[in-house]
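The basis for the numbers below is simple: all heavy atoms, side chains too, and nothing from hydrogens, waters or symmetry mates.
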Amino acid sequence: MDKTKILDESLTRFKSDVQSWKTSRPNPFSDEQKEEIDVLMSYIYGVFDDIRKVIVDND
C-alpha cells in the first residue's frame with residue numbers, strides 16, 4: 001500500500017471518528033457546539049492534508 005493511500009485512509013477514518021464522537025454521546029452537543037467542533041476540526045483536517053502533501057511530495 002502506498003503512502004498516499006494510507007494517509008488518505010487515515011484522514012478519512014479520523015473524520016469519521018470525529019463525526020461519530022459528536023453524535024453518539026449520551027448527552028449530544030448543542031447545534032452551536034457541533035458547529036464550533038466542525039470549525040476546529042476543519043483546521044486540523046487542513047493541517048493533516050498539508051502534512052500528507054509534504055510526505056507524498058518528498059517521496
Side-chain angles (χ1 to χ4, degrees):
M1 189 178 286
D2 66 72
K3 290 179 186 179
T4 303
K5 187 172 181 177
I6 292 170
L7 292 167
D8 287 345
E9 288 177 0
S10 180
L11 182 56
T12 299
R13 188 173 54 250
F14 180 71
K15 287 180 179 181
S16 175
D17 288 349
V18 169
Q19 289 302 319
S20 175
W21 172 74
K22 282 190 338 185
T23 59
S24 66
R25 310 289 286 168
N27 296 312
F29 295 101
S30 70
D31 288 342
E32 183 177 303
Q33 289 171 319
K34 288 178 184 179
E35 288 176 23
E36 290 176 7
I37 291 169
D38 286 338
V39 169
L40 292 173
M41 288 297 105
S42 71
Y43 294 125
I44 293 171
Y45 302 151
V47 170
F48 282 158
D49 191 50
D50 290 344
I51 291 169
R52 181 190 64 77
K53 289 175 186 172
V54 168
I55 291 171
V56 171
D57 289 346
N58 289 321
D59 200 8

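At a threshold of 4.5 Å between side-chain heavy atoms, the hydrophobic network of Ile, Leu, Val, Met, Phe, Trp and Tyr places Leu40 and Ile44 in two separate groups. Taken together through direct or relayed side-chain contacts under 4.5 Å among Ile, Leu, Val, Met, Phe, Trp and Tyr, Val39 and Val18 form parts of separate hydrophobic clusters. Both Val56 and Val47 are assigned to one and the same hydrophobic cluster, defined by single-linkage of ILVMFWY side chains at heavy-atom distances under 4.5 Å. Both Phe14 and Ile37 sit in one connected hydrophobic cluster of ILVMFWY residues. Membership requires side-chain heavy atoms under 4.5 Å apart, directly or through other members.
Atom-to-atom distance recorded for Arg52:CZ and Asp57:CG is 8.5 Å, nearest 0.5 angstrom.
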Given salt bridge (Lys or Arg N to Asp or Glu O under 4.0 Å), test Lys53 with Asp49 step by step and report yes or no. CA-CA 6 Å; Lys53 289 175 186 172; Asp49 191 50; 3.3 Å; yes

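Remark: the backbone N or O of Thr12 is not paired with any side-chain donor or acceptor of Ser16 at under 3.5 angstrom.
Residues Asp17 and Trp21 form no side-chain contact, since every pair of their non-hydrogen atoms from C-beta on lies 4.5 Å or further apart.
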